[in-house]
Amino acid sequence: YPRVRIRTYDTNTKISGTLYLQKYVNGGWSNEASWPISGTYMLDIQKSCGGTRSYAYRTKFVGYAGNEYIEYICSSIVL
């Protein structure tokens, strides 16, 4: 399941961005699904979706915590 966990130091810090499920196809990563994410201070969000056997998948989060840009990519798994 695609999942993102973000926690900031300040309880008033706003978090916003997009969680992506990416699939490795033809030598590159392509977005298979995406979800807008927003909240304050701490997020722990998990999404349900399907995949195709024998392909590699990973999750990626791109967004902001306050004014700080975040881009995080998880390691890939093969179904």
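What you see below is based on every heavy atom in this structure, not just the backbone, and it leaves out hydrogens, waters and symmetry mates.
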Are Tyr55 and Leu21 co-members of a hydrophobic cluster defined by side-chain heavy atoms under 4.5 Å apart?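 Leu21 clusters together with Tyr55.
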
Connected via hydrophobic side-chain network under 4.5 Å: Val78 and Tyr20: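 Different clusters.
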
Let me check something: any side-chain donor-acceptor pairs from residues 31-45 under 3.5 Å, sequence neighbours excluded? List them with distances.
from	atom 1	to	atom 2	distance (Å)
Asn31	OD1	Gln22	NE2	2.9
Tyr41	OH	Arg7	NE	3.1
Tyr41	OH	Arg7	NH2	2.7
Asp44	OD1	Arg3	NE	2.9
Asp44	OD1	Arg3	NH2	3.1
Asp44	OD2	Arg3	NH2	3.0
Asp44	OD2	Arg5	NE	3.4

Identify the two heavy atoms, one from Trp29 and one from Ser76, that lie closest to each other, and give their separation to 0.1 Å.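 Minimum heavy-atom contact is CH2-CB, 3.5 Å.
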
Heavy atoms only: give me the nearest Thr13-Gly66 pair and the separation to one decimal.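 Of all heavy-atom pairs spanning Thr13 and Gly66, the closest is CG2-N, 3.4 Å.
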
Test item: Tyr69 and Val62 side chains (from C-beta on) under 4.5 Å apart, heavy atoms: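 Yes, side chains in contact.
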
From [X] atom [atom1] to [Y] atom [atom2], the distance as rounded to the nearest 0.5 Å:
{"X": "Ile6", "Y": "Leu19", "atom1": "CD1", "atom2": "CG", "value": "9.0 Å"}
{"X": "Ile73", "Y": "Lys60", "atom1": "CD1", "atom2": "NZ", "value": "4.5 Å"}
{"X": "Glu68", "Y": "Thr8", "atom1": "CD", "atom2": "OG1", "value": "10.0 Å"}

Salt bridge (Lys or Arg N to Asp or Glu O under 4.0 Å) partners of Lys23, counting only residues at least two apart: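 Result, salt bridge (Lys or Arg N to Asp or Glu O under 4.0 Å) vs Lys23: none returned.
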
Give a yes or no answer on whether the side chain of Tyr24 reaches the backbone of Arg58 with a donor-acceptor pair at less than 3.5 Å.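 No, the answer is negative, given that no donor and acceptor are paired below the 3.5 Å cut-off.
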
Taking atom CG of Asn67 as the centre, does the number of heavy atoms from other residues, nucleotides or ligands within less than 6.0 Å exceed 12?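 Open.
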
